[in-house]
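Written out below as structure tokens is the structure these notes cover.
Labels below follow one simple rule: chain letters A, B, ... track the order of the sequence lines, proteins then strands, and each chain is numbered from 1.
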Protein chains: 2
Amino acid sequence: MSDRDSESLLFLTDEQLRRAIEAMFFAYRGFTADPDRILAERGYGRAHHRAIHFINRSPGTTVNNLLAILGVTKQSLNRVLRSLVEDGLVESRVGPRDRRERHLYLTETGAALEAELSDAQRTRMRAAFREAGPTAVSGFREVLEHMMDPDLRRHFAAVREDR
Amino acid sequence: MSDRDSESLLFLTDEQLRRAIEAMFFAYRGFTADPDRILAERGYGRAHHRAIHFINRSPGTTVNNLLAILGVTKQSLNRVLRSLVEDGLVESRVGPRDRRERHLYLTETGAALEAELSDAQRTRMRAAFREAGPTAVSGFREVLEHMMDPDLRRHFAAVREDR
DNA sequence: TTGGAATGTCAACAAGGCTGACTTAATTTG
DNA sequence: CAAATTAAGTCAGCCTTGTTGACATTCCAA
């Protein structure tokens, strides 16, 4: 980034920043709207979605890993996981090396719901990206990364390096 | 947007979209982290923040307006407003023309909390914008606007035209 | 003057956060 | 080997913030 660009950013008024803050608020609502509808049909909430999402992203992840990523207490996560296991969407296997650990996997049913949820979310995301154009998309991702807490960003970056 | 740009977007894999979805999730956490801390000190939550934010944005707004923007029930909003009024952060004035309406204003104390909250949020936003650069910033805003539900976008656009 | 709209309030409920205390099982460490 | 630590789960209780439904009040407008 050049000095000239830096300078121009100084002209971002508080009012413009306030608008960006509101955009974030309204956009997040849009972002969660479709999954929320699907989840509500099945008596689940966003907490279930988050668990399903990250188990799908990292099959075999442990409960502790999930806690760190989600930033909730184990009591809170446990409540959600229990219902997902009872309903046959998630499988909890005793750790092969360390038998205290539970490794989490989506069942076929769980993977089906995950697909439905992320299809809906991807469809909206893809539409927004198409309308905004590729330059906007890379700017979007750039800004989002810089908005994360460093700790959260680590979890985010971790996957990138996995591949 | 050219045909060539459209084409290149077709190469956005599901994996890339999944990463964008996660970025949105983690970034929103960062986005709310600072206000959440300030609010927690005072025994408030995000619901209070949202009310304070939109009353500050549109002083004198009615309860009904606020309901439409926030998308919650009046009972839910009322609980939050009541505590803000009791604590002397918000003033609820009987409507001058239609006395059924209540027009909402921040008191001095309320405005002070609003300033503290939005300063924290703007500081983070400004830092992210500075690191990402101006091109990224306009892309960011472009994509966010397209992610909103059309109804929500109306509320968002409304203010722009006010000025 | 009456119907409808805006507001407020009461009660009850649920999801999903939280804390604290405690158990069980297994691993690690001294 | 014994003790400490760790991973997970569980119970109880609390809070915020969302929901529905029922109902009262106030007041505008046809």
> Hey, does the side chain of A:R82 come within less than 4.0 Å of D:dT10's phosphate (OP1/OP2), counting only N and O?
Replying inline: yes

> Is there a donor and acceptor pair, one atom on the side chain of A:R79 and one on the base of D:dG9, closer than 3.5 Å?
Replying inline: no

> Of all heavy-atom pairs between B:D149 and A:A33, which one has the smallest distance, and what is that distance?
Replying inline: OD2-CB, 4.1 Å

>> From CG of B:L39 over to C1' of C:dC18, roughly how many Å is that when rounded to an integer?
In response: 16 Å

> Nearest of D:dA8, C:dT9, C:dA26 to any side-chain atom of B:N78?
Replying inline: C:dT9

>> OP1 or OP2 of D:dG18 versus the side-chain N and O atoms of B:R50: is any pair under 4.0 Å?
In response: yes

>> If I take atom CZ in residue A:R97 and atom P in nucleotide D:dA7, what distance separates them, rounded to the nearest angstrom?
In response: 14 Å

> Hey, does the side chain of B:S138 reach the backbone of B:T135 with a donor-acceptor pair shorter than 3.5 angstrom?
Replying inline: yes

> Do B:R19's NZ or CZ and the ring of A:F156 fall within the cation-pi criteria of under 6.0 Å and 45°?
Replying inline: yes

>> Considering every strand and a 4.0 Å limit on heavy-atom distances, what is the contact class for A:H103: base, sugar-phosphate, or nothing?
In response: nothing

>> Taking the cut-offs as 6.0 angstrom to the six-membered ring centre and 45 degrees off its axis, would you call B:R93 and B:Y105 a cation-pi pair?
In response: yes

> Considering only side-chain heavy atoms of A:V72, which listed nucleotide, C:dT9, C:dC18, D:dT17, is closest?
Replying inline: C:dC18

> What nucleotide, of D:dG21, C:dG17, D:dA8, holds the atom closest to the side chain of B:Q75?
Replying inline: D:dG21

>> Check the phosphate of C:dT7 against B:N64, side-chain N and O only, distance under 4.0 Å to OP1 or OP2. Yes or no?
In response: yes

>> Looking at A:T73, I'd like to know whether one of its side-chain N or O atoms comes within less than 4.0 Å of OP1 or OP2 on C:dC18.
In response: yes

> What integer distance in Å separates A:L77:CG from D:dT10:P?
Replying inline: 12 Å

> Would a 4.5 Å heavy-atom cut-off, applied to side chains only, mark B:R57 and B:E114 as touching?
Replying inline: no

>> So A:G71, base contact, sugar-phosphate only, or nothing? Heavy-atom distance under 4.0 Å.
In response: sugar-phosphate

> For B:L70 and D:dT17, what is the distance between atoms CG and P respectively, to the nearest whole Å?
Replying inline: 12 Å

>> Can you see if the side chain of B:H48 gets near the phosphate of D:dT17 - specifically, an N or O under 4.0 Å from OP1 or OP2?
In response: yes

> Considering only side-chain heavy atoms of A:V63, which listed nucleotide, C:dG8, D:dT17, D:dA8, is closest?
Replying inline: D:dA8

>> Tell me if a side-chain donor or acceptor on A:R46 pairs with a main-chain N or O of A:D36 at a distance below 3.5 Å.
In response: no

> Separation of B:D98 atom CG from C:dG4 atom P, in whole Å?
Replying inline: 17 Å

>> Taking the minimum atom-to-atom distance to the side chain of A:R99, which one of C:dA26, D:dG18, C:dG17 wins?
In response: C:dA26

> Rounded to whole angstrom units, what separation is found between the CZ atom of B:R93 and the C1' atom of C:dG8?
Replying inline: 20 Å

>> Nearest whole Å is fine: how far is D:dA7 P from A:L66 CG?
In response: 14 Å

> Would one find a side-chain N or O of A:R100 under 4.0 angstrom from OP1 or OP2 of C:dT27?
Replying inline: no

> Nearest-Å distance, NZ (A:K74) to P (C:dT24)?
Replying inline: 14 Å

